[in-house]
Asker: 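The structure that follows is given in the form of structure tokens.
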Amino acid sequence: MMTLVELERSLNRAQKLVHTQSAEALQLALSAKTLAQQLKLPHLCAQALFLCAQAHFNFGRYPESLQQLIELNALADQENIARYEGARLNLYARVQYTLGAYHLARDSWNRCLTLPDEAIALESRVQAHIGLGQLYYAHEHYQTALSHHRKAQELASHEDHHLHASILINIAADLIGCAQLDEAYRTLKSALPLVKADQSYRNEGEIYMNIGLIQFLRGDLDRATMSLMVALKINRLHHHQWSEANTMLVLGQCQTAKGELDLAIETLQSALYTASHLGIRHQQASIHAALAQSYTAKLEPELAQRHQIEHQHLRLQLLNEIHQAELETMELPFT
């Protein structure tokens, strides 16, 4: 059996590896969780539960991540582990956002911004701003999204390469939404050295995916294809299925623009399978729209209409999660 010192060392190692080597981090955290429970050490058990939830999230195992967070919440009801409240709320919001439960994500992120300092780390406040920015981005309020991500950039420690790179990637996505492609491209390029320093290959895949999107929007289809294939290779190597589906979406759109319609449909169907398996409705909606375009170009109007109807149905579901009027008037603390 591990000693207390070895247990703490194991958890510290899991913390360092959770973004770069999630499989090893998960194994370390699971072992630490079992021992912490046996030794009745609630704070170390809380740390282990959170790391398990984070690792499962990184693998796209959202039900498993939620289960670990439920256990963490139950522990919080029995023990004083207030400092994990912000981290728990933030990760819960990220899972629900990914699954399209926007109202649950919004409520948790807003709660993160109002918790007392002893209940939340600065990093979790920063991530709450990132999350709320993503929520606005999903509803196409790109300028408001950018304001949140700029606030996150202002608060975050630049010594945290992983977090700073994540913020820059989100800022770049907002800028793409605002059609500021040159600034978005520069922002992505500035994030690459941070990713290299942190060895956060999942973020590297996101960067190349967004670079490919910019090249696609500029009409540089060959370069876009190359960037997207690099992103796809990274995402598959590191089991980043959410980003893999996003990359295949843009790649399929690029193939449609090049007239490679059969290949585009195959790529998009693969993206749809991944997004459906993960339960990510906003990705599914976008993929259905792209498939409708591909089938329209292929002169198959019935299939195009079928996918367009699916797109509209999913889009309506997501917009109903948070009514537009509520989103536009929602007061958010920016202090």
Asker: Donor-acceptor check, side chain of N170 to backbone of G133, threshold 3.5 angstrom: yes or no?
Answerer: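 No; zero donor-acceptor contacts below 3.5 Å.
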
Asker: Taking salt bridge (Lys or Arg N to Asp or Glu O under 4.0 Å) as the cut-off, I'd like each qualifying pair that reaches into residues 208-224, sequence neighbours left out, listed once.
Answerer: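 Output for this query lists D182-R218, D220-R223, D222-K258.
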
Asker: Decide, yes or no, whether a salt bridge links R125 with E154 under the criterion of side-chain N to carboxylate O below 4.0 Å.
Answerer: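 No, R125 and E154 are not salt-bridged.
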
Asker: In terms of hydrophobic clustering (I, L, V, M, F, W, Y; side-chain heavy atoms under 4.5 Å; direct or indirect links), are L251 and I287 co-clustered?
Answerer: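 Hydrophobic grouping puts L251 apart from I287.
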
Asker: Students often mix this up, so state it plainly: with edges at 30° and 60°, are the rings of Y295 and H307 parallel, tilted or perpendicular?
Answerer: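 Y295 and H307: parallel rings.
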
Asker: Check the hydrophobic clustering (I, L, V, M, F, W, Y; side-chain heavy atoms under 4.5 Å; chains of links allowed) and say if L72 and L104 are grouped together.
Answerer: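 The answer is yes; both residues are in one hydrophobic cluster.
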
Asker: Any chain of hydrophobic side-chain contacts (each under 4.5 Å) joining L89 to L99?
Answerer: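 They do not share one cluster, since no chain of ILVMFWY contacts under 4.5 Å joins L89 to L99.
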
Asker: If you measure from CG on N12 to CG on L17, what distance do you get to the nearest 0.5 Å?
Answerer: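 The CG atom of N12 sits 11.0 Å away from the CG atom of L17.
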
Asker: Judged by atom type as modelled, is there a donor-acceptor pair below 3.5 Å linking the side chain of N210 to the main-chain atoms of E206?
Answerer: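 Judged by distance alone, yes, a pair lies under 3.5 Å.
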
Asker: For the OG atom of S294 and the CD atom of Q269, what is their distance to the nearest 0.5 Å?
Answerer: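 With rounding to 0.5 Å, OG (S294) is 9.5 Å from CD (Q269).
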
Asker: Using side-chain contact (heavy atoms from CB on, under 4.5 Å), reason through L249 and Q283 one step at a time and then give a plain yes or no.
Answerer: CA-CA 9 Å; L249 166 59; Q283 267 190 350; over 6 Å; no

Asker: Look at the side chain of S65 and the backbone N and O of A53, then say whether any donor-acceptor pair between them is shorter than 3.5 Å.
Answerer: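 Side chain of S65 to backbone of A53, a donor-acceptor pair under 3.5 Å: yes, one is there.
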
Asker: Nearest heavy-atom pair of Q284 and L314: which atoms, and what distance?
Answerer: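 Looking at all heavy atoms of both residues, the shortest contact is CB-CD1, 3.7 Å.
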
Asker: Look up atom CD in Q180 and atom CD1 in I214, then write down how far apart they are to the nearest 0.5 Å.
Answerer: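 Rounded to the nearest 0.5 Å, the CD-CD1 separation comes out at 11.5 Å.
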
Asker: Working to the nearest 0.5 angstrom, can you tell me the gap between E204 CD and Q199 CD?
Answerer: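 The CD atom of Q199 is 10.5 Å from CD of E204, to the nearest 0.5 Å.
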
Asker: Report the C-alpha distance between E159 and H164 in whole Å, list the side-chain angles of each, state the deciding distance to 0.1 Å, and finish with yes or no for side-chain contact (heavy atoms from CB on, under 4.5 Å).
Answerer: CA-CA 8 Å; E159 295 177 3; H164 189 47; over 6 Å; no

Asker: Would the number of heavy atoms belonging to other residues, nucleotides or ligands and lying under 6.0 Å from CD of E266 be above 12?
Answerer: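 It does not: E266 CD has 12 such atoms or fewer within range.
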
Asker: Looking at F59, I'd like to know if its CZ atom is crowded, meaning that more than 12 non-hydrogen atoms belonging to other residues, nucleotides or ligands lie closer than 6.0 Å.
Answerer: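 Result for CZ/F59: enclosed.
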
Asker: Supply the atom-to-atom distance S227 OG to Y208 OH, rounded to the nearest 0.5 angstrom.
Answerer: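 S227 OG to Y208 OH: 8.0 Å, rounded to 0.5 Å.
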
Asker: Taking atom CD of Q96 and atom OH of Y102, what is their separation to the nearest 0.5 Å?
Answerer: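 Here the interatomic distance stands at 12.0 Å.
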
Asker: What pair of heavy atoms forms the shortest contact from A48 to A29, and how long is it?
Answerer: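 Taking every non-hydrogen atom into account, CB-O, 3.6 Å.
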
Asker: Any chance NE2 of H277 has more than 12 other-residue heavy atoms, nucleotides or ligands included, within less than 6.0 Å?
Answerer: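 No, the 6.0 Å shell around NE2 holds no more than 12 heavy atoms from other groups.
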
Asker: Atom CZ of residue position R306 - does it have more than 12 heavy atoms of other residues, nucleotides or ligands inside 6.0 Å?
Answerer: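 No - once you tally the heavy atoms of other residues, nucleotides and ligands closer than 6.0 Å, there are 12 at most.
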
Asker: Parallel, tilted or perpendicular for H129 and H148, by the 30°/60° rule?
Answerer: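 Judged by the thresholds at 30° and 60°, the geometry between H129 and H148 is tilted.
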
Asker: Determine, using the 4.5 Å side-chain heavy-atom cutoff (strictly less than), whether L11 and L30 are members of one ILVMFWY cluster.
Answerer: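 Different clusters: L11 never reaches L30 through Ile, Leu, Val, Met, Phe, Trp or Tyr contacts under 4.5 Å.
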
Asker: Using a 3.5 Å distance criterion without hydrogens, assess whether the side chain of S276 forms a donor-acceptor pair with backbone atoms of Y273.
Answerer: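 Pair absent, no side-chain N/O of S276 close to backbone of Y273.
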
Asker: Do S157 and L122 have side chains that approach each other closer than 4.5 Å (heavy atoms only, starting at C-beta)?
Answerer: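 The answer is no; the side chains never approach within 4.5 Å.
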
Asker: Keeping the roles fixed (side chain from E79, backbone from L75), state whether a donor-acceptor pair exists under 3.5 Å.
Answerer: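 Such a contact is absent between E79 side chain and L75 backbone.
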
Asker: Is it true that atom CD of E24 has more than 12 heavy atoms of other residues, nucleotides or ligands lying nearer than 6.0 Å?
Answerer: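 Counting other residues, nucleotides and ligands, CD of E24 exceeds 12 neighbours.
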
Asker: Determine whether K298 and E260 satisfy the following criterion, salt bridge (charged side-chain N to carboxylate O under 4.0 Å, His left out), listing intermediate values before the conclusion.
Answerer: CA-CA 10 Å; K298 202 179 177 188; E260 300 169 348; over 6 Å; no

Asker: Indicate whether the side chain of E244 and that of T274 have a donor and an acceptor atom separated by less than 3.5 Å.
Answerer: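 Not at all, the side chains of E244 and T274 share no donor-acceptor pair under 3.5 Å.
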
Asker: Does R202 offer a backbone N or O that forms a donor-acceptor pair with the side chain of H238 under 3.5 Å?
Answerer: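 Judged by distance alone, no pair lies under 3.5 Å.
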
Asker: Who are the side chain to side chain donor-acceptor pair (under 3.5 Å) partners of H149, not counting sequence neighbours?
Answerer: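 Once residues adjacent in sequence are excluded, the partners of H149 under the side chain to side chain donor-acceptor pair (under 3.5 Å) criterion are D174.
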
Asker: Does a donor on one side chain sit under 3.5 Å from an acceptor on the other, for N235 and T247?
Answerer: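 T247 and N235 do have a side-chain donor-acceptor pair below 3.5 Å.
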
Asker: Looking at W242, is its backbone amide N or carbonyl O close enough to the side chain of N246 to form a donor-acceptor pair, meaning the two atoms are under 3.5 Å apart?
Answerer: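 Here the side-chain-to-backbone pair does not exist.
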
Asker: Kindly say whether I234 contributes a backbone atom to a donor-acceptor pair with the side chain of Y201 at under 3.5 angstrom?
Answerer: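 Checked: no pair found.
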
Asker: Quick one: do R88 and E85 make a salt bridge, cutoff under 4.0 Å?
Answerer: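 A salt bridge links R88 with E85.
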
Asker: Are the side chain of S243 and the backbone N or O of H240 linked by a donor-acceptor pair below 3.5 Å?
Answerer: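 The answer is no, because no donor-acceptor pair under 3.5 Å joins these two groups.
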
Asker: If you group Ile, Leu, Val, Met, Phe, Trp and Tyr by side-chain heavy-atom gaps below 4.5 Å, do I207 and I176 land in one group?
Answerer: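 Yes, one cluster joins them.
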
Asker: Check the pair Q15 / L51 against side-chain contact (heavy atoms from CB on, under 4.5 Å), numbers first and verdict last.
Answerer: CA-CA 7 Å; Q15 182 69 60; L51 287 169; 3.5 Å; yes

Asker: May I ask you to decide if L221's main-chain N or O and T225's side chain share a donor-acceptor pair within less than 3.5 Å?
Answerer: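 Yes; judged by distance alone, with no hydrogens or angles, the pair exists.
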
Asker: Looking at E6 and R9, is there a salt bridge between them, counting it only when a charged N and a carboxylate O are closer than 4.0 Å?
Answerer: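 No salt bridge links R9 with E6.
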
Asker: For H162 and S200, does a side-chain donor sit closer than 3.5 Å to a side-chain acceptor?
Answerer: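 Yes, side-chain donor-acceptor contact under 3.5 Å.
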
Asker: Might you work through the side-chain contact (heavy atoms from CB on, under 4.5 Å) test for C112 and I120, ending with a clear yes or no?
Answerer: CA-CA 7 Å; C112 282; I120 186 169; 3.8 Å; yes

